[in-house]
S.K.: 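Dumping the structure here so I can ask a few things about it.
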Amino acid sequence: QWANRKTEDAALSGSDRLTAAELRRMYAWFTVNNINPIRYNGGEYAILLCHTYNYVDLWADAEFQNSMQHAWQRASSPKDNPIFTSANAIFSNICIHQYNRVRTSATNANVRRCILLGADALAEGITSRPKLVRRNEDHYGDVFGLGVKAINGWSRADFAPQSGTTLNQSLAIWGLYTNTVA
């Protein structure tokens with residue numbers, strides 16, 4: 001997806017930044033496409049991982065600033081869930097997190113590919129708990145060290161129907177314009 005309904009990264013310009021209007025469009029797209037939201041305390045939320053530059057752009061949007069000043073969740077915000085407590089902001093049921101590892105577009109250096117995530121975006125599997133084990137550091141066995149042994153893995157949750165076409169029903173990559181410096 002791209003800001004302001006554009007069709008490619010190269011078409012994005014200075015008016016295609018992360019704004020309150022774009023966040024509402026993201027949540028509408030998220031809902032209409034039946035992405036499973038994170039359900040918590042009676043609400044349904046999505047997560048947006050956005051680059052710090054996109055987050056700076058968002059705070060330059062007057063509508064977002066006004067909403068945060070007058071309607072930011074204060075006493076009613078969920079305090080015990082890190083998805084919400086570590087969010088930089090929550091707007092239009094999107095938990096916004098700054099994330100510097102968002103990729104830059106190959107065709108437009110000012111476009112960051114932010115990630116809109118649902119509840120099924122990532123699965124983690126743990127087969128053994130971490131434990132300390134002895135490691136031989138040489139072939140003679142007279143030098144040893146300690147290591148941590150654990151097996152776990154992560155994967156994106158995709159839907160693979162019998163037709164053979166795998167569908168990603170867990171996230172969207174959203175192209176947003178930003179300056180290369182804050």
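The analysis underlying the following values was restricted to heavy atoms, covering all of them including side chains, and did not include hydrogens, waters or symmetry mates.
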S.K.: Hey, are the side chains of Met26 and Leu176 touching, using non-hydrogen atoms and a 4.5 Å cut-off?
M.R.: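 Yes, their side chains come closer than 4.5 Å.
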S.K.: Would you please indicate yes or no on a ring centroid separation below 6.0 angstrom for Tyr45 and Tyr40?
M.R.: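 No, the ring centres sit 6.0 Å or more apart.
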S.K.: Is the backbone N or O of Gln98 less than 3.5 Å from a side-chain atom of Asn88, with the two atoms forming a donor-acceptor pair by type?
M.R.: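 A pair under 3.5 Å: yes.
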S.K.: Can you tell me how far apart OG (Ser92) and CG (Leu23) are? Round to the nearest 0.5 Å.
M.R.: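 So the OG of Ser92 and the CG of Leu23 are separated by 7.0 Å.
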S.K.: To the nearest 0.5 Å, what is the distance between OG1 (Thr52) and CG (Asp57)?
M.R.: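 Those atoms lie 11.0 Å apart.
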S.K.: Can you name the side-chain contact (heavy atoms from CB on, under 4.5 Å) partners of Glu44, sequence neighbours left out?
M.R.: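 Scan of Glu44 (side-chain contact (heavy atoms from CB on, under 4.5 Å), adjacent residues dropped) gives Tyr27, Pro37, Arg39.
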S.K.: Looking only at heavy atoms, which two atoms of Lys6 and Ser13 are closest? And how far apart?
M.R.: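 What the structure gives for the nearest pair is NZ-OG, 4.4 Å.
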S.K.: Can you give me the closest heavy-atom contact between Ala46 and Leu116, atom names plus distance?
M.R.: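 Scanning both residues completely, I find the closest heavy atoms to be CB-CD1, 4.0 Å.
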S.K.: If you round to the nearest 0.5 Å, how far is OG of Ser170 from CD1 of Ile35?
M.R.: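 One gets 7.0 Å once the value is rounded to the nearest 0.5 Å.
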S.K.: Are Leu48 and Met68 joined in one hydrophobic group, where the rule is that I, L, V, M, F, W and Y side chains link up if heavy atoms are under 4.5 Å apart?
M.R.: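 They do share one cluster, since a chain of ILVMFWY contacts under 4.5 Å joins Leu48 to Met68.
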S.K.: For Glu63, is there any backbone N or O sitting under 3.5 Å from a side-chain donor or acceptor partner on Asn66?
M.R.: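 Not a single qualifying donor-acceptor pair exists.
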S.K.: We want to know whether Thr104 and Arg113 form a side-chain donor-acceptor pair, criterion being a heavy-atom distance below 3.5 angstrom.
M.R.: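 Their side chains do not contain a donor-acceptor pair, so the 3.5 Å distance test is not met.
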S.K.: Determine the minimum heavy-atom distance between Cys50 and Ile96, stating which atoms define it.
M.R.: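 Heavy atoms of Cys50 and Ile96 come nearest at SG-CG2, 3.8 Å.
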S.K.: Quick check, are the ring centers of Tyr99 and His97 under 6.0 angstrom apart?
M.R.: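 Centroid separation for Tyr99 and His97: 6.0 Å or greater.
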S.K.: With rounding to the nearest 0.5 angstrom, report the CD1 to CD1 distance, Ile38 to Ile47.
M.R.: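 Output value for this atom pair is 3.5 Å.
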S.K.: Is there a side-chain contact between Glu22 and Arg17 (heavy atoms, below 4.5 Å)?
M.R.: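 Result no, sub-4.5 Å side-chain heavy-atom pair not found.
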S.K.: Using the rule given for side chain to side chain contact (heavy atoms under 4.5 Å, CB included), can you reason through Arg25 versus Arg5, listing the C-alpha separation, both sets of side-chain angles and the distance that settles it, and then say yes or no?
M.R.: CA-CA 9 Å; Arg25 194 170 84 75; Arg5 296 178 181 87; 3.6 Å; yes
S.K.: Give me the atom names and distance for the closest heavy-atom approach of Phe64 to Ala89.
M.R.: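 Heavy atoms only, the tightest pair is CZ-CB, 3.9 Å.
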S.K.: Are Trp29 and Phe91 connected, step by step, through hydrophobic side chains (Ile, Leu, Val, Met, Phe, Trp, Tyr) whose heavy atoms are closer than 4.5 Å?
M.R.: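 Yes, same cluster.
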S.K.: Does a donor on one side chain and an acceptor on the other come within less than 3.5 Å for Trp2 and Asp9?
M.R.: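 Yes, side-chain donor-acceptor contact under 3.5 Å.
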S.K.: To the nearest 0.5 Å, tell me how far Asn93 CG sits from Thr31 OG1.
M.R.: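 Rounded to the nearest 0.5 Å, the CG-OG1 separation comes to 8.0 Å.
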S.K.: If you take all heavy atoms of Phe30 and Leu117, which pair is closest and at what distance?
M.R.: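 The pair with the smallest heavy-atom distance is CE1-O, 3.7 Å.
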S.K.: Out of curiosity, Cys114 SG to Ile173 CD1, how far, rounded to the nearest 0.5 Å?
M.R.: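 One finds 10.5 Å between SG of Cys114 and CD1 of Ile173.
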S.K.: Considering non-hydrogen atoms only, spot the tightest contact between Trp174 and Ala3 and give its length.
M.R.: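 Closest approach of Trp174 to Ala3: NE1-N, 4.0 Å.
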S.K.: Sequence neighbours left out, what passes side chain to side chain donor-acceptor pair (under 3.5 Å) with Asn108? Give chain and number order.
M.R.: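 Per chain and number, Asn108 pairs via side chain to side chain donor-acceptor pair (under 3.5 Å) with no residue.
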S.K.: Tyr177 side chain to Leu18 main-chain N or O, any donor-acceptor pair under 3.5 Å?
M.R.: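 No, because the side chain of Tyr177 does not come within donor-acceptor range (under 3.5 Å) of the backbone of Leu18.
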S.K.: Quick one: does any side-chain atom of Asn4 pair with a main-chain N or O of Ser15 as donor and acceptor, under 3.5 Å?
M.R.: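 Pair found, side chain donor or acceptor close to backbone of Ser15.
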